[in-house]
Chemist: 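A single structure is presented below for examination.
When a ligand or atom number is given, it counts from 1 through the structure's own listing order. Bear in mind that the values here come from a model prediction, so they are computed numbers and not experimental data. All heavy atoms count here, side chains included; hydrogens, waters and symmetry mates do not.
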Amino acid sequence: MRPGLVLVATPIGNLADLSPRALAALKAADAVLCEDSRVTGGLLARQGVAATMIPLHDHNEAAQAPRLVERMMAGEHFALVSDAGTPLVNDPGYRLVRAAIEAGVAVSAVPGPNAAVMALSLSGLPPHPFLFAGFLPARAGPRTAELARLRGLERAGLGATLVFFEAPHRLAESLAAMAAAFGAGRPAAVARELTKRFEEVRRDDLGTLADHYATAEARGEICVVVGPAPAEAAGEADLDAALRAAFAAGLSLRDAAASAAEATGLKRRDVYRRALELGEG
Ligand code: SAM
């Protein structure tokens, strides 16, 4: 195996999801860089792999990355795993990967389980484009601000399915905050315990999901998927602003309507009608 770094995805709950390539990469590495040696040690022991483990987590990554890169430049080969799923996705490793790339160290990956992508594909919501938003802030104020920021992006034209990670004890309040930000009628899905014994995907609108989890205790690991803003809703909110901006720029009624239709995605005929109203007002 040539020197360098290989990013190895590990199971998100079902141990049978460790791929043969992942296992081979872990066996071949000079050392396995891991978040928590108890978790990774358990995984390796079950596979009969006796590997050296080097802890790499949020608290030591900045200091460790240059040293590890030096060792790889000197010929060592490391595998990077996280506690579960695909490394770097809401897990450590980004700084090391950047440092390795900058130093010209070969970086490769063994793909595999990822909770966000699995939740997206099971959600029944449009799979692309999608925006992976990770965890929302834990406190109510910053969470509301972040959701308002995402809603603002939607108003500006973002039409993507949103994927969040969420902790079970915050699910109910997060769903209520999402319903307030995106509208209670927005289609969504809550994916729980993926690949595990009690796997469940609940598909409904945000208001109904928020009501459900206000009384039902949510257990285990959770992803929330929120469908894209309906094109009309996003456009209507901005139509007047787009038309006024076009008028202010000196565009004719026809050109203002054309440019606002382009910006909002609304039908030209409807935009023209509104442009007439505004132009007359
Ligand atoms: N790197 C991981 C991956 O690729 O899926 C994600 C790590 S992140 C720190 C952990 C969060 O991912 C959990 O709190 C949960 O929101 C989500 N998650 C992980 N495993 C899951 C599962 N089996 N079912 C649902 N969500 C899961």
Side-chain angles (χ1 to χ4, degrees), residues 5-19 21-22 25-26 32-40 42-43 55-61 79-97 107-125 127 130-139 143 146-147 150 161-175 177-178 188-204 206 209-210 212-213 216-226:
L5 179 64
V6 57
L7 318 175
V8 180
T10 58
I12 54 170
N14 189 325
L15 297 177
D17 291 336
L18 186 74
S19 73
R21 262 190 87 209
L26 295 173
V32 176
L33 315 179
C34 60
E35 262 187 291
D36 183 336
S37 50
R38 285 164 305 182
V39 175
T40 301
L43 177 80
L56 188 83
H57 42 70
D58 287 338
H59 304 294
N60 74 353
E61 188 178 350
L80 170 70
V81 298
S82 57
D83 283 353
T86 300
L88 274 77
V89 181
N90 258 110
D91 276 335
Y94 169 68
R95 280 173 285 198
L96 177 64
V97 166
V107 181
S108 61
V110 178
N114 171 246
V117 169
M118 182 168 172
L120 175 72
S121 44
L122 287 179
S123 67
L125 296 164
F130 79 92
L131 189 154
F132 171 60
F135 286 98
L136 284 168
R139 288 181 23 245
R143 179 170 54 222
E146 176 59 11
L147 288 169
L150 289 169
T161 293
L162 309 173
V163 185
F164 301 90
F165 285 162
E166 193 47 278
H169 60 282
R170 279 196 288 271
L171 179 65
E173 48 184 301
S174 280
L175 287 170
M178 288 178 190
V190 173
R192 255 182 4 93
E193 294 287 86
L194 295 172
T195 76
K196 302 187 209 176
R197 184 156 170 226
F198 295 108
E199 175 176 311
E200 176 194 51
V201 182
R202 192 171 278 270
R203 305 171 185 90
D204 218 315
L206 278 172
L209 289 169
H212 174 79
Y213 285 107
E217 190 192 349
R219 294 218 178 111
E221 299 197 275
I222 293 164
C223 295
V224 179
V225 187
V226 177

Chemist: Do G85 and ligand 1 have an N or O pair less than 3.5 Å apart?
Modeler: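 Min N/O separation from ligand 1 is not below 3.5 Å for G85.
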
Chemist: Starting from atom 3 (C) of ligand 1, locate the nearest protein heavy atom and write down its residue, its atom name and how far away it is, to 0.1 Å.
Modeler: N114 ND2, 3.4 Å

Chemist: Taking the side chain as every heavy atom from C-beta outward, state whether L175 and V224 have any atom pair closer than 4.5 Å.
Modeler: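 They are in side-chain contact.
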
Chemist: Please check if the side chain of S123 supplies one atom and the backbone of A189 the other of a donor-acceptor pair under 3.5 Å.
Modeler: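 Answer holds: no.
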
Chemist: Tell me if a side-chain donor or acceptor on R143 pairs with a main-chain N or O of M178 at a distance below 3.5 Å.
Modeler: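 Looks like no, no N/O pair under 3.5 Å.
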
Chemist: Does the N or O separation between A191 and ligand 1 drop below 3.5 Å for any pair?
Modeler: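 No, there is no polar N/O contact under 3.5 Å.
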
Chemist: A side-chain contact here means heavy atoms from C-beta on lying under 4.5 Å apart; do E35 and P87 qualify?
Modeler: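 Not touching, per the 4.5 Å side-chain cut-off.
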
Chemist: If you count the atoms of ligand 1 from 1 in the order shown, which ones are under 4.0 Å from a heavy atom of C223?
Modeler: 26 (N)

Chemist: Quick one: nearest non-hydrogen protein atom to atom 13 (C) of ligand 1, plus distance?
Modeler: E221 OE2, 3.6 Å

Chemist: Ignoring hydrogens and angles, tell me if any N or O in the side chain of E61 forms a donor-acceptor pair with the backbone of L96 under 3.5 Å.
Modeler: yes

Chemist: Please answer whether the main-chain N or O of M118 pairs with a side-chain N or O of S121 as donor and acceptor at a distance below 3.5 Å.
Modeler: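 Flag set: sc S121 to bb M118 pair under 3.5 Å.
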
Chemist: To the nearest 0.1 Å, how far is atom 8 (S) of ligand 1 from its closest protein heavy atom, and which atom is that?
Modeler: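 Protein heavy atom at minimum distance: F165 CE1, 3.7 Å.
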
Chemist: Could you check atom 7 (C) of ligand 1 against the protein and tell me its nearest heavy-atom contact, residue, atom and distance included?
Modeler: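 Among all protein heavy atoms, the one nearest atom 7 (C) of ligand 1 is D91 OD2, 3.3 Å.
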
Chemist: Of all the non-hydrogen atoms in the protein, which one sits nearest to atom 9 (C) of ligand 1, and at what distance?
Modeler: N90 O, 3.2 Å

Chemist: Of all the atoms in ligand 1, which lie at a distance below 4.0 Å from a heavy atom belonging to F135?
Modeler: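 By the 4.0 Å cutoff, the relevant atoms are 11 (C), 14 (O).
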
Chemist: Provide the number and element of each atom of ligand 1 under 4.0 Å from a heavy atom of E166.
Modeler: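 It comes down to these atoms of ligand 1: 16 (O).
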
Chemist: Can you find an N or O of A116 that's nearer than 3.5 Å to an N or O of ligand 1?
Modeler: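 It does not: no N or O of A116 is found under 3.5 Å from an N or O of ligand 1.
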
Chemist: Could you pull out the closest heavy-atom pair between A22 and V8, with the gap in Å?
Modeler: CB-CG1, 3.6 Å

Chemist: Which of the atoms in ligand 1, numbered in the order shown and given with their element, are less than 4.0 Å from a heavy-atom of T86?
Modeler: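 Near T86, meaning under 4.0 Å from one of its heavy atoms, ligand 1 has 1 (N), 3 (C), 4 (O).
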
Chemist: Geometry only, no angles: is V89 polar-contacting ligand 1 at N/O separations under 3.5 Å?
Modeler: yes

Chemist: If you have a sec, work out which protein heavy atom is nearest atom 18 (N) of ligand 1 and how many Å separate them, to one decimal?
Modeler: A115 CB, 3.4 Å

Chemist: If you round to the nearest 0.5 Å, how far is CZ of R197 from CG of N14?
Modeler: 13.0 Å

Chemist: Any N/O of K196 closer than 3.5 Å to an N/O of ligand 1?
Modeler: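 No; every N/O pair is 3.5 Å or more apart.
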
Chemist: Less than 3.5 Å between some nitrogen or oxygen of P87 and one of ligand 1, yes or no?
Modeler: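 For ligand 1, there is no N or O atom that lies under 3.5 Å from one belonging to P87.
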
Chemist: State the CG-OG1 distance between L7 and T86, to the nearest 0.5 angstrom.
Modeler: 9.5 Å

Chemist: When you measure from atom 16 (O) of ligand 1 to every protein heavy atom, which one gives the shortest distance, and what is it?
Modeler: I222 O, 2.6 Å

Chemist: Just by distance, do the side chain of N60 and the backbone of P55 share a donor-acceptor pair under 3.5 Å?
Modeler: yes

Chemist: Hey, is OH on Y94 packed in by over 12 heavy atoms from elsewhere, all under 6.0 Å?
Modeler: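 No, because the 6.0 Å sphere around OH of Y94 holds 12 heavy atoms or fewer from other groups.
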
Chemist: So which atom in V81 and which in L26 form the shortest heavy-atom distance, rounded to 0.1 Å?
Modeler: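 That would be CG1-CD2, 3.6 Å.
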
Chemist: Could you tell me the residue and atom name of the protein heavy atom closest to atom 2 (C) of ligand 1, and the distance to it rounded to 0.1 Å?
Modeler: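 Going atom by atom, the protein heavy atom closest to atom 2 (C) of ligand 1 ends up being A84 O, 3.2 Å.
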
Chemist: If we only consider heavy atoms of G13, is any one of them less than 4.0 Å away from an atom in ligand 1?
Modeler: no

Chemist: Tell me the nearest of L194, L88, T195 to atom 22 (C) of ligand 1, using heavy-atom distances.
Modeler: L194

